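Predicted, not measured: the structure shown is a model, and the values here were computed from it.
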Amino acid sequence: MGSSFVRTAQKNLARPKKRTDTAVDLEDRNILVEDADIWNGTGFRRGSILIEEGRIKRIARSISNGGIETIDGSGLKALPGLIDVHVHLRDMRLAHKEDFATGTAAAAAGGFTTVLDMPNTVPATDSACHLIEKQTVAARRIYVNVGFHAAAVHNSHDLEALAEAGAFSFKLYLPKPIAPFDVQNHQLIEKMMRAAARVETPVTVHAEDLTAAENKSNGDGFEELSEARSPILETRAVDRLLPIQKRARCSVHYCHLTLRASLAKINAASRSTSEVTPHHLLLSKKLLSRIGWKAWMVPPLRSEQTRRSLLNSTLMGLASVIASDHAPHTIKEKDQSASKSPPGIPGLETTLPLMLTLVKRQQMNLSLLVRLLSENPARIFGLKSKAKLWKGADGDLVLIDLKRKSRIDSSRFFSKAKFSPFDGFKTRGAVHSTIVGGRLVYKEAEIVAREGSGFVLQSRPSD
């Protein structure tokens with residue numbers, strides 16, 4: 001698939017997001033946030049933020065509104081828009097689970113202004129053609145910025161085409177490859193990583209190294225299924241891939257890790273970054289016996305001791321990123337025997353309230369929260385104009401109320417997946433408003449923008 005095809009297909013996107021929009025639309029991307037406590041990288045200072053045509057124009061103690069839309073930020077904290085680098089928005093032939101509109105509404109409600117979608121969809125994001133198709137469909141429906149990961153494929157020309165079409169990474173799913181790929185072949189993995197390095201695109205990895213024979217349990221319960229996906233599989237995957245990526249000189253992002261030892265090894269390696277999830281930080285496998293399918297995901301929940309170790313390591317700064325691994329399914333699909341219940345839980349609307357609760361408990365400071373949920377995701381995946389509240393940066397920000405008390409109630413999710421292992425959890429801190437590219441998208445429990453007002457992002461590694 002040549003580069004001319006990619007360029008032609010991109011020009012034919014239904015609503016290109018490199019905007020040459022009307023004056024009316026640009027006015028819709030002008031907003032003034034007044035009298036908020038604004039994050040400056042180390043702390044807060046009181047002031048106002050003026051966003052014009054989607055970018056931050058000015059930050060000052062006081063700014064006259066000039067007749068544009070204004071939000072009163074009194075008593076609120078202004079943070080850079082959050083970035084979730086691991087979400088499953090489904091859509092296409094999986095729209096019964098989630099679609100681009102409901103998934104990105106959930107993102108906005110959770111304070112995320114940018115999300116990166118995983119490629120294990122139907123059809124899979126395994127070619128430039130399929131990637132461009134997803135970009136085209138998403139452009140009409142999304143509320144926030146959306147970029148797309150692609151599947152790792154063995155053909156170097158296909159990898160180059162995917163990179164040119166804007167893929168943010170190539171996902172290597174070790175338990176069950178998304179596209180045909182011999183994940184036990186070290187030479188093939190190294191060849192793929194070398195090709196990824198040439199096009200300056202990272203590889204993302206689901207690090208569980210198991211064979212088909214191992215992926216079987218001794219019973220049909222969720223606890224037995226969890227035991228079949230033991231921590232040793234993660235250790236084996238990390239130990240196998242680190243030397244390969246070192247030889248290939250490729251950047252690799254290890255998804256949803258569950259072990260302190262994994263974080264330590266990756267932290268010590270070059271071109272390696274790590275990701276943890278709220279559920280692995282806060283929940284243990286004993287929950288499986290109580291709520292079963294609501295707590296079933298892969299990698300599975302670990303022991304309480306392992307969970308505590310992972311949380312402490314993350315609070316010490318060993319992890320690079322917190323991501324939700326938002327993986328929606330219908331309750332009908334989930335509520336069946338363990339062998340038939342698909343793994344995954346929704347997380348876009350619970351991640352920030354849960355992390356803010358750690359802040360209120362003084363377990364996590366806001367500087368670390370911003371680093372894990374905004375700054376590091378932007379750095380790792382080349383989102384250079386995001387994760388900053390300063391002049392010239394993209395006008396993506398979230399206003400949070402640190403004093404607000406709430407309780408997680410999945411029946412009120414914007415996501416189609418109305419369940420959560422965190423149901424009933426008391427939280428401190430909530431999203432008040434979410435602004436994407438200067439446009440108010442979410443305010444006080446309501447989506448206030450039009451469907452399709454978000455932006456499709458394309459990775460540009462060489463910029």
Side-chain angles (χ1 to χ4, degrees), residues 1-7 85-86 116-120 124-132 147-211 234-257 262 265-275 320-321 376-377 379-384 458-463:
M1 186 176 298
S3 61
S4 61
F5 167 82
V6 174
R7 286 193 291 269
V85 301
H86 191 149
L116 300 184
D117 178 63
M118 283 295 171
N120 53 330
T125 317
D126 57 1
S127 68
C129 181
H130 285 157
L131 173 55
I132 292 166
F148 295 94
H149 299 288
V153 294
H154 59 79
N155 186 292
S156 297
H157 294 298
D158 290 343
L159 284 174
E160 291 170 7
L162 281 162
E164 187 171 350
F168 277 84
S169 84
F170 304 122
K171 179 69 178 286
L172 186 63
Y173 193 92
L174 292 180
K176 187 178 180 181
I178 297 165
F181 199 106
D182 182 2
V183 296
Q184 298 303 320
N185 187 321
H186 292 200
Q187 290 74 28
L188 195 60
I189 292 175
E190 184 172 339
K191 179 184 176 184
M192 181 273 294
M193 286 188 176
R194 288 185 182 277
R198 283 197 300 274
V199 294
E200 301 178 71
T201 301
V203 171
T204 44
V205 175
H206 181 123
E208 284 185 291
D209 198 357
L210 72 164
T211 65
E234 177 177 307
T235 299
R236 200 161 71 193
V238 172
D239 288 348
R240 183 162 72 96
L241 291 179
L242 281 173
I244 296 173
Q245 78 161 100
K246 184 178 181 180
R247 292 194 300 271
R249 297 180 178 273
C250 174
S251 296
V252 177
H253 180 72
Y254 293 84
C255 299
H256 43 47
L257 295 165
S262 298
K265 292 171 188 174
I266 291 163
N267 193 57
S270 61
R271 300 186 180 90
S272 301
T273 53
S274 58
E275 169 190 304
S320 310
V321 166
N376 284 353
R379 174 181 57 81
I380 292 165
F381 290 98
L383 298 162
K384 297 177 182 179
Q458 295 170 356
S459 179
R460 291 290 179 263
S462 61
D463 285 355

ask   = Passes side-chain contact (heavy atoms from CB on, under 4.5 Å), C250 versus M192? Steps please.
value = CA-CA 9 Å; C250 174; M192 181 273 294; over 6 Å; no
request  = Output, in order, the C-alpha distance, side-chain angles, deciding distance and verdict of side-chain contact (heavy atoms from CB on, under 4.5 Å) for S272 and L242.
outcome  = CA-CA 8 Å; S272 301; L242 281 173; 3.7 Å; yes
task = Check the pair F168 / L383 against side-chain contact (heavy atoms from CB on, under 4.5 Å), numbers first and verdict last.
result = CA-CA 10 Å; F168 277 84; L383 298 162; 3.7 Å; yes
request  = Run the numbers on F170 and V199 for side-chain contact (heavy atoms from CB on, under 4.5 Å), then give the verdict.
outcome  = CA-CA 11 Å; F170 304 122; V199 294; 4.1 Å; yes
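Annotation: the span from N185 atom CG to H154 atom NE2 amounts to 11.5 Å, rounded to 0.5 Å. Atoms CG and CD, from L172 and Q245 in turn, are 11.5 Å apart once rounded to the nearest 0.5 Å. Atom NE2 of residue H130 and atom CG of residue L162 lie 10.5 Å apart, to the nearest 0.5 angstrom. Residue D117 holds its CG atom at 10.0 Å from CG of L131, rounded to the nearest 0.5 Å. Note that CE of M193 is 11.0 Å distant from CG of L188, once rounded to the nearest 0.5 Å. For the atom pair OG (S169) and CZ (F148), the distance works out to 12.5 Å, reported to the nearest 0.5 Å.
Y254 has its side chain out of reach of T204: every pair of non-hydrogen atoms, C-beta onward, lies at least 4.5 Å apart. Side-chain contact between V252 and L241 is absent, with no heavy-atom pair separated by less than 4.5 Å.
Considering only residues two or more places apart in sequence or on other chains, F381 meets the ring-ring contact (aromatic ring centres under 6.0 Å, His included) condition with H149, H253. A124 is linked by a side-chain contact (heavy atoms from CB on, under 4.5 Å) to D126, I178, counting only residues two or more places apart in sequence or in another chain. Applying the side-chain contact (heavy atoms from CB on, under 4.5 Å) test to S320 and every residue at least two apart in sequence or in another chain returns T273, S274, I380. Among residues two or more places apart in sequence or in another chain, the salt bridge (Lys or Arg N to Asp or Glu O under 4.0 Å) test is passed with D182 by none. Partners of R240 under the salt bridge (Lys or Arg N to Asp or Glu O under 4.0 Å) rule, at least two apart in sequence or in another chain, are D209. Annotation: side-chain hydrogen bond (donor to acceptor under 3.5 Å, both in side chains) contacts of T235 (sequence neighbours excluded): none. Applying the side-chain contact (heavy atoms from CB on, under 4.5 Å) rule to R379 yields the partners N376; only residues at least two apart in sequence or on another chain are considered. For D239, the side-chain hydrogen bond (donor to acceptor under 3.5 Å, both in side chains) test picks out K265, with sequence neighbours left out. The salt bridge (Lys or Arg N to Asp or Glu O under 4.0 Å) check on E190 picks up R194, R247, with sequence neighbours excluded. Scored by the side-chain contact (heavy atoms from CB on, under 4.5 Å) test, H256 finds H86, H206, E275, T277, H280, P299, D325 as partners (sequence neighbours excluded).
Closest heavy-atom contact between A167 and S459: O-CB, 3.4 Å. A197 and A248 make their closest contact through CB-O, 3.9 Å (heavy atoms, listed as atom of the first residue, atom of the second, distance). Closest approach of A165 and A128 over heavy atoms only: CB-CB, 4.2 Å. Considering all non-hydrogen atoms of both residues, L174 and V183 come closest at O-CG2, 3.5 Å.
Counting only distance, with no hydrogens or angles, the side chain of E234 and the backbone of A207 share no donor-acceptor pair below 3.5 Å.
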